[in-house]
Amino acid sequence: MSKEVRVRFAPSPTGPLHIGGVRTALYNYLFARKMGGKFLLRIEDTDQNRFVPGAEDYIKESLEWLGISPDESPWKPGDSAPYRQSERKTSYMQYALDLVEAGHAYYAFDTPGELEDMRERLTAARVVQPQYNSITRTQMKNSLTLPEDEVKARLASGEPYVIRVKIPRKEEVRLNDMIRGWVMVHSSTLDDKVLMKSDGMPTYHLANIVDDHLMNITHVIRGEEWLPSAPLHVLLYKFFGWTDTMPEFAHLPLLLKPDGNGKLSKRDGDKLGFPVFPLNWENKETGEKAAGFREQGYFSDAFLNFLAFLGWNPGGEREIFSLEELVDAFSVERIGKAGTKFDIAKAKWFNEQYLREKSNAELATYVVVDATAENITILPETAEAIASLMKGRVTFPSEIWQGCKFVVIAPAEFDQDIASKKWNTDAVSLLTAYAEDLEAFNGTIFDADTAKSMLGQAAEAKEIKLGKVMQAVRLAVTGVGAGPDLMEIFAILGTEEVAKRIRFALATLEVIG
RNA sequence: GGUCGGUUCGUCUAGGGGUUAGGACGUAUCCCUUUCACGGAUAAAACACGGGUUCGAUUCCCGUACCGACUACCA
């Protein structure tokens, strides 16, 4: 009988949640749902110096936007509360002391300056790996080298100290990563990492093991940057005697820069003009700003779909998956090993696919909002008609209004380039006739077909080939040379408005050549 | 430098001892068309290199190269 799957996403609140972190959260969510388990969120705020106000809310809002909210979190506590490491502070020291007691950790009193001296000394002596380890610790100030009474005295006097793990001199440490298979590391290459800092807070290494154990975490799905410290974590589970309940590990491939090499960073997004964060972010204190996918016009479901395929794929040829379908198709085995370059063009493509599936009514709400922002009133029916016309042609909802606002705002000026090429005597002659026909129109229904047949008849009467003057007709009514089906636009505008606009164009534009 | 990880079209990837190495994005061309798009069709485009193992390796093994992560009292 296997126990319930419990996974956690454990970001630290040091700024806006990076897209790589969002993907990690997503994979954790998908795995938990797939396995019928629980997805928890734990805030790793053991570094008081790096705390950024608002970062936690940002994490919460990001996950909510994507619809992958945790089952348990600081704002939705379950049995494993609390969910902030700063609130779990009291328990860590005892675990560290247990390790000291068992001989797997020790007190160290070295000052930052002394540590620096040690590294310099080692570097000067051409030691390949200047680190605090089984060799060098014998020359440092710690409870392994100092007499017992002196250690007690230093502790009693309140002298600052840290607790370091005592890495065994020679031992093969191995772990079976779900994505990478067996990884083996020799303990001699590991260093005596600090477990408890001098400010009384634990480091990530200690806190994450203690919390994962206490919270009954069964699988640790995290970024590849953690792989090098995974052997240390395995060792800690062993020292605590928790090997039999140690979670399984899965180290996710990194998200890389689109050009060149290296981890995707905020700078890359700024440079290439795309976001690397889910939501807009602003740090009021520092003035730091970052653009978000949501505000750029990406739909949460499209963004989620895109993200899911960055480093994973279900094996078939289908690419459009809803969240539920992703859950159904997900498996850790199908996560790739190699880093993934970030391709914003693909993200846009996903957004287009999703946009086309949205109802006109839904898209119309964007049009109304955008128009209102410009102090322009638009009828809901008009907004919907515009949405219908534009949905197949745009990537973002904001482009619907931007690309079709001439429906509501009659052109005051005209694209000079098109005018100089297409505004000829034939066009003037046809448009004059068409305007007259429109003004005389007394039918009840003026739809696209009617608009078109009337235009066709006018052209026939003047013996003008329609194809030659359509650009001019478009220019007269919309002011520009490109856009969705003109006759559909006419139908929205109505005979009166179309005639009025044609009259204005006729009066404004001069025939060239 | 050391440790660990990685390497299939430009990008994301499928595949896996014998395949015309498949798809998608992007790119190009053509078709459709009242423009621009959409859509449809077509095209160019990949197994990093060298050794093994094998009748046969892109696939398995070992090296090399290259790329990356880590190397803090940060996570």
*Asks:* State plainly whether the residues K89(A) and E87(A) are in salt-bridge range, i.e. N to O under 4.0 Å.
*Replies:* no
*Asks:* Compute both the distance and the angle, then confirm whether R356(A) meets the cation-pi test with Y354(A): under 6.0 Å from the six-membered ring centre, within 45 degrees of the axis.
*Replies:* no
*Asks:* Report the relative orientation of the aromatic rings in H233(A) and W226(A); use parallel for angles under 30°, tilted for 30 to 60°, perpendicular for over 60°.
*Replies:* tilted
*Asks:* What integer distance in Å separates D191(A):CG from G1(B):P?
*Replies:* 20 Å
*Asks:* Measuring to OP1 and OP2 of C70(B), would you say a side-chain N or O of K263(A) lies under 4.0 angstrom away?
*Replies:* yes
*Asks:* What interatomic distance, in whole Å, is found between P of C55(B) and the corresponding atom of G50(B)?
*Replies:* 22 Å
*Asks:* Rounded to whole angstrom, note down the P distance from C4(B) over to G63(B).
*Replies:* 12 Å
*Asks:* Rounded to the nearest Å, what distance is computed from the NZ atom of residue K468(A) to the P atom of nucleotide U34(B)?
*Replies:* 14 Å
*Asks:* Under 4.0 angstrom, heavy atoms only, what part of the nucleic acid is G316(A) near: base, sugar-phosphate, or nothing?
*Replies:* nothing
*Asks:* Among U3(B), G5(B), A75(B), which nucleotide has an atom closest to any side-chain atom of E44(A)?
*Replies:* A75(B)
*Asks:* Say we look at C47(B) and C12(B): how far apart would their C1' atoms be, to the nearest angstrom?
*Replies:* 16 Å
*Asks:* I'd like the C1' distance from U71(B) over to U19(B), given in whole Å.
*Replies:* 44 Å
*Asks:* Pick the C1' atom in C25(B) and in A14(B), then give their distance to the nearest Å.
*Replies:* 15 Å
*Asks:* Provide, to the nearest angstrom, the distance between the CD atom belonging to E225(A) and the P atom belonging to C74(B).
*Replies:* 17 Å
*Asks:* According to a strict under-4.0 Å criterion, is R174(A) in side-chain N/O contact with OP1 or OP2 of C4(B)?
*Replies:* no
*Asks:* Quick one: does NZ or CZ of R42(A) land under 6.0 Å from the six-membered ring centre of Y83(A), within 45 degrees of the ring axis?
*Replies:* no
*Asks:* Applying a 3.5 Å limit to both distances, which nucleotide forms a Watson-Crick or G-U wobble pair with G39(B)?
*Replies:* C31(B)
*Asks:* Can you tell me which nucleotide in U34(B), A24(B), G23(B) comes closest to the side chain of D485(A)?
*Replies:* U34(B)
*Asks:* Since syn is defined as within 90° of 0, does C38(B) count as syn or as anti?
*Replies:* syn
*Asks:* Over all strands shown, is L227(A) touching base, sugar-phosphate only, or nothing at heavy-atom distances under 4.0 angstrom?
*Replies:* sugar-phosphate
*Asks:* Give the rounded distance in Å between these two atoms: CG of L310(A) and C1' of A24(B).
*Replies:* 14 Å
*Asks:* Take atom NZ of K346(A) and atom P of A24(B), then tell me their distance rounded to the nearest Å.
*Replies:* 9 Å
*Asks:* So what does R334(A) hit on the nucleic acid, given a heavy-atom distance under 4.0 Å: a base, only sugar-phosphate, or nothing?
*Replies:* sugar-phosphate
*Asks:* Of the options U7(B), A24(B), G68(B), whose atoms approach the side-chain atoms of A338(A) most closely?
*Replies:* U7(B)
*Asks:* Of the nucleotides C74(B), G6(B), A69(B), which has the atom closest to the K197(A) side chain?
*Replies:* C74(B)
*Asks:* What does C49(B) pair with, Watson-Crick or G-U, if both distances are under 3.5 Å?
*Replies:* G63(B)
*Asks:* Contact class for R119(A) (heavy atom, under 4.0 Å): base, sugar-phosphate, or nothing?
*Replies:* sugar-phosphate
*Asks:* Quick one: CZ on R154(A) to OH on Y161(A), what's the gap to the nearest 0.5 Å?
*Replies:* 13.5 Å
*Asks:* Suppose you measure atom P in G10(B) against the same atom in U27(B); what distance do you get, rounded to whole Å?
*Replies:* 16 Å
*Asks:* What about S198(A): does its side chain form a donor-acceptor pair under 3.5 Å with the base of C73(B)?
*Replies:* yes
*Asks:* In plain terms, say whether K271(A) and D259(A) are close enough for a salt bridge, that is, a side-chain N and a carboxylate O under 4.0 Å apart.
*Replies:* yes
*Asks:* Rounded off to whole Å, could you give me the CZ-to-C1' distance for the R474(A) and A37(B) pair?
*Replies:* 10 Å
*Asks:* Would you indicate what P484(A) reaches in the nucleic acid, counting non-hydrogen atoms under 4.0 angstrom: base, sugar-phosphate, or nothing?
*Replies:* base
*Asks:* Answer with yes or no whether the side chains of R222(A) and H251(A) bring together a donor and an acceptor at under 3.5 Å.
*Replies:* yes
*Asks:* Do NZ/NE/NH1/NH2 and the carboxylate oxygens of K193(A) and D191(A) come within less than 4.0 Å?
*Replies:* yes
*Asks:* Checking contacts here: which listed nucleotide (C73(B), G26(B), A75(B)) is nearest the side-chain heavy atoms of R164(A)?
*Replies:* C73(B)
*Asks:* In whole angstroms, how far is the P atom of C73(B) from the CE atom of M201(A)?
*Replies:* 16 Å
*Asks:* Can you check whether T340(A) has a side-chain N or O nearer than 4.0 Å to OP1 or OP2 of U13(B)?
*Replies:* yes
*Asks:* Output the single nucleotide from C73(B), U3(B), G68(B) whose closest atom is nearest the side chain of E224(A).
*Replies:* G68(B)
*Asks:* Can you tell me if the side-chain N/O atoms of R356(A) get under 4.0 Å from OP1 or OP2 in G39(B)?
*Replies:* yes
*Asks:* Can you tell me the base-pairing partner of A21(B)? Count Watson-Crick or G-U wobble geometry only, both distances below 3.5 Å, and say none if there is no partner.
*Replies:* none
*Asks:* Between N208(A) and A75(B), is there a side-chain N or O to OP1/OP2 distance below 4.0 Å?
*Replies:* no
*Asks:* Base, sugar-phosphate alone, or nothing: which one does V183(A) contact when heavy atoms must sit under 4.0 Å apart?
*Replies:* sugar-phosphate
*Asks:* For C4(B), does OP1 or OP2 lie under 4.0 Å from any side-chain N or O of R180(A)?
*Replies:* no
*Asks:* For T14(A), report the nucleic acid contact type (base, sugar-phosphate, nothing); a contact means any heavy atom under 4.0 Å.
*Replies:* nothing
*Asks:* On a whole-Å scale, what distance lies between the C1' atoms belonging to G40(B) and C32(B)?
*Replies:* 8 Å
*Asks:* Any donor-acceptor pair under 3.5 Å joining the side chain of Q129(A) to the base of G1(B)?
*Replies:* yes
*Asks:* With a non-hydrogen cut-off below 4.0 angstrom, is D45(A) in contact with a base, only sugar-phosphate, or nothing?
*Replies:* nothing
*Asks:* Using the P atom as the point on both nucleotides, what is the distance between A46(B) and U11(B), in whole Å?
*Replies:* 12 Å
*Asks:* How close or far is atom P of U13(B) from atom CZ of F342(A), stated in whole angstroms?
*Replies:* 13 Å
*Asks:* Please determine whether the number of non-hydrogen atoms from other residues, nucleotides or ligands lying under 6.0 Å from atom NZ of K468(A) exceeds 12.
*Replies:* no
